[in-house]
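To keep things clear, I will list the structure first and then write my remarks on it.
Letters go in sequence order (proteins before strands), and every chain restarts at 1.
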Amino acid sequence: MSERMPRHGLALSAALAAALSVTGCTAQAPDETGTATGFVTPSPPGGGTRTDDERRDDVTSESETTAADLAFIDAMIAHHEQAVELTALAHGRAADQELADLASRMHAVQAAEAEAMRSWLDRRRTRDLPGDEHNHDETMRGEISRSTLDRAAELEGAAFDELFVDTMVAHHRGAIEMAEARLAEQGDPAVARWARAIATAQALEVDRLLEIETRLDSE
Amino acid sequence: MPGRGAVQRARSVALGAVIVAVGAALMASPATAQPADREPSIGPGLEWVAHRDNPFRQGDDPNFINADLAFTGDYLVQGNFAGFSLWDIADPAAPTLASAVSCPGGQGDVSAVGDLVFVSIDEPMSDDSCEAARVPETVEHWEGIRIFDISDPSEPRYVAAVRTRCGSHTHTVVPDPASSARVFVYVSSYSRGASIDCTGRNPLQIVEVPLDAPEDAAVVGALDLFDDATAFRPEDRVAGGAETRSTTGCHDITAYPAKALAVAACRGDGLLLSIADPLAPVVLHRVRDPAVAFWHSGIFDNDATRIVFQDELGDGFINTCSPAFGADRGADAVWLIEPGGLAKVGTFKLPRAQSDLEKCVAHSGGLVPVPGRFIVAQAWLEGGVSVIDFTDPAAPVELTWFDRPGYGYSMDYTAGIWAVYAYDGYLYASDMYEGLEVLRLTDPLFADAARYDSTGLNPQTQPEYAWVWREAPVVPTANAERAPLETLSVEPAELEPAATATVTVSLPPGSLTPGETADVWWMPTQAVLATLTAGEDGSLAAADVTVPGPLEPGRYDLVVRGDVSAPRIALASVEVAAPAPTPELAPADGDDAPWWPFVVVPAVVLLIAAGVVVALRRRAVLRRRRTAT
């Protein structure tokens with residue numbers, strides 16, 4: 001676990017000073033100076049000091065990375081990678097221009113998010129949980145099978161569009177379920193924010209895919 | 001109000017800071033030292049004058065990141081997901097940390113009014129205390145607005161906690177036009193999905209804060225700015241457009257109280273509001289844009305004729321500044337305020353390429369007050385800071401920038417510069433992980449922006465900038481109006497005609513707003529003779545100014561006008577005496593009476609007398625002759 005800062009007012013000048021980086025940059029980089037001022041943890045409003053006894057010990061706080069976080073991120077990376085692979089196939093194969101554009105944006109987003117999550121996971125594994133052997137099980141939902149990808153690579157035009165929409169709707173719905181499952185558990189609030197954003201963004205894309213499907217069916 | 005009287009107070013670096021700096025230099029570990037390859041790229045007309053680490057930072061843990069900024073006097077409040085930092089910025093080049101207030105809860109949107117600091121909490125917390133822990137959405141929790149008193153900057157007090165529905169993602173201070181004793185706080189938040197009370201469409205909530213009794217702050221109103229027909233829904237999206245978010249509440253509001261307007265950025269919709277009655281805002285115009293995924297925030301120009309909106313495509317998790325997302329996506333859009341509604345006239349997207357490991361999208365910024373221009377300083381997360389000129393809304397241009405390269409890996413959640421704002425000629429940028437960056441605007445274009453004596457700034461409560469020093473003062477002519485203004489002391493008050501002269505001007509305490517910038521005007525030529533700074537007691541210390549000549553005899557006005565206390569002026573007259581008289585003409589007493597009567601009158605009298613004498617003699621001679629004959 002990374003070092004934790006002292007919670008109370010006695011964050012010490014030594015600790016603070018050590019935390020201050022000296023920007024050993026160029027002449028244009030300003031010198032870092034700090035102050036010996038410490039941290040303050042004010043009492044609650046009303047003047048009374050709320051003691052630890054009054055705090056809600058029954059509530060599990062969210063702050064540390066949990067197994068649920070690791071499992072969620074790990075599964076979501078694989079999940080995103082499948083979407084990256086399928087969206088990459090859309091270029092040159094998709095017949096519908098709106099679908100091609102959507103696929104291109106989805107490709108950029110899923111690739112960037114997968115990269116961010118890989119980076120998160122790598123650092124958690126090396127920094128926080130040495131020896132963690134990635135043995136958490138998270139069910140992958142809406143998985144895009146290898147055979148589906150192979151078939152997509154063979155198709156083009158309207159047939160590709162149809163396969164793409166069907167597969168991606170199921171894929172995204174699976175991602176939303178995975179995100180919601182994570183949100184129902186304890187864990188790192190940052191991962192919760194991430195899960196929320198993924199769920200929101202993919203729900204929008206599902207709607208968009210369904211609109212395209214309706215239009216394609218009527219054409 | 002802290003530092004109110006110290007707008008330009010003596011620049012001094014605390015000895016303690018120096019000692020700690022030395023200590024830091026000795027103790028800095030390689031792990032915390034900034035890698036040389038993260039040197040920022042800095043554009044023209046910008047000087048990087050200070051950097052301060054985020055005192056809360058815990059490595060790459062996103063629960064300790066910095067957020068928004070607010071200014072009160074010489075203090076800068078920097079919000080953080082773990083509390084807030086209070087910086088003394090009396091010397092912008094040497095900010096000192098007055099205190100770091102530990103009080104967790106994101107996203108730490110902050111405002112400051114005098115000695116009060118407001119903080120938005122939009123995460124489920126176990127209770128309202130500063131010892132609270134984050135808890136899941138699905139259990140009973142607290143979120144809302146926290147109010148602190150920073151009258152002792154080293155020991156802020158927590159004076160009130162106002163719970164709001166669905167917390168407070170952002171908030172906006174709106175003054176009460178009828179009373180300076182209270183302010184309203186517009187609380188913006190939107191649903192977060194699986195939550196016990198944060199679902200559906202969230203109303204705008206209004207908190208009243210009595211400034212003398214902030215502990216009595218309370219929610220006094222809740223207003224849904226939408227109905228089912230006007231709130232953006234998924235089916236409102238257009239083919240080829242953005243994956244626009246549903247309107248489940250507003251993300252942020254920028255008020256412009258002097259114009260009784262506010263702009264609300266509400267996920268799927270943009271709104272222009274009338275806030276003439278702050279308790280009953282009225283929607284004037286509603287706008288949508290197929291290119292916009294997330295209406296994030298808006299900035300007015302100083303005339304309130306234009307608005308720049310930011311689109312936070314991708315939530316700040318990825319690089320949507322990339323051209324792959326399109327030139328008008330995740331960008332700024334300029335809209336004209338017209339009688340019939342708002343009209344989009346241009347877009348601007350960060351021109352500097354960012355790696356795909358960087359999080360980049362249009363984020364928070366504010367107006368840089370340059371007369372006649374529409375210039376905005378804005379953050380782009382890991383895309384850094386841009387100063388953008390929107391004066392020609394169809395062709396916005398980036399004037400300068402500050403941009404660090406990426407970390408070399410993708411940070412968790414989000415990273416980079418959250419917000420940047422101009423204050424007293426400097427840009428203050430809040431970097432989530434790295435800390436506080438202070439940048440000086442050195443281009444002469446920004447001289448008037450630098451001149452501005454701000455006593456505080458909440459960037460989401462836009463002040464109306466007036467560059468009073470650019471226009472000469474108007475001096476009354478009637479004696480009755482002049483008399484009360486004649487407080488300026490001038491030595492000497494009488495001058496001889498000359499090519500030029502030097503006089504000493506001064507004002508007693510209480511004449512000016514403490515610390516304000518003041519000009520000494522010579523009214524005959526409407527020229528500024530000197531630009532001075534008022535003392536802490538509102539006095540003007542004796543200063544020599546050179547009066548331009550040639551000085552013809554007459555009576556002339558000198559005026560001192562402070563930037564803040566304007567239009568009030570302090571007046572004095574100097575008298576230029578008549579030219580020194582020539583000796584052969586001048587009576588000793590300098591009497592102006594003509595000299596000739598003194599010569600002519602006696603001469604005439606003498607002549608008449610002589611004539612009379614001659615006549616009488618002649619008559620006497622004749623009578624004697626007659627008598628003799």
**Report entry** Contacting moiety of Glu98(A), where chain B heavy atoms sit under 4.5 Å
**Finding:** side chain
Query raised in the report: Between Glu123(B), Arg157(B), Arg245(B), which has the largest tally of heavy atom pairs under 4.5 Å with chain A?
Result: Arg245(B)
**Report entry** Atom of Tyr158(B), atom of Pro42(A) and distance for their closest heavy-atom approach
**Finding:** CB-CB, 3.6 Å
Query raised in the report: For Ile147(B), is it the side chain, the backbone, both or neither that has a heavy atom under 4.5 Å from a heavy atom of chain A?
Result: neither
**Report entry** Any Glu211(A) side-chain heavy atom under 4.5 Å of Glu235(B) side chain
**Finding:** no
Query - Minimum-distance pair of heavy atoms, taken over all atoms of Val40(A) and Ser154(B) - result: CG2-O, 3.5 Å
Report task. Starting at CZ of Phe325(B), measure out to OG of Ser104(A) and round the result to the nearest 0.5 Å. Result -> 8.5 Å
Query - Heavy-atom contact with chain A under 4.5 Å, split by part of Ala415(B) - result: neither
Query raised in the report: Which class fits the ring pair Phe39(A) and Phe56(B): parallel under 30°, tilted 30 to 60°, perpendicular over 60°?
Result: perpendicular
Query raised in the report: Are any side-chain N or O atoms of Arg105(A) and backbone N or O atoms of Glu243(B), one a donor and one an acceptor, separated by less than 3.5 Å?
Result: no
Query raised in the report: Between Val101(B), Asp315(B), Thr320(B), Asn319(B), which residue shows the highest count of heavy-atom pairs closer than 4.5 Å to chain A?
Result: Val101(B)
**Report entry** Inter-residue atom distance Thr414(B).OG1 - Arg193(A).CZ, 0.5 Å rounding
**Finding:** 10.5 Å
Report summary line: One option among Asp101(A), Val191(A), Val109(A) has the most heavy-atom pairs under 4.5 Å with chain B, and it is Val109(A)
Query raised in the report: Do Val159(B) and Pro45(A) have side chains that get closer than 4.5 Å, going by heavy atoms?
Result: no
Query - Nearest atoms (heavy-atom pairs only) where Thr244(B) meets Leu204(A) - result: O-CD2, 3.5 Å
Query raised in the report: At a heavy-atom separation under 4.5 Å, does Leu102(A) approach chain B through its side chain, its backbone, both, or neither?
Result: side chain
Report task. Look at atom CD of Glu162(A) and say whether more than 12 heavy atoms of other residues, nucleotides or ligands are closer to it than 6.0 Å. Result -> no
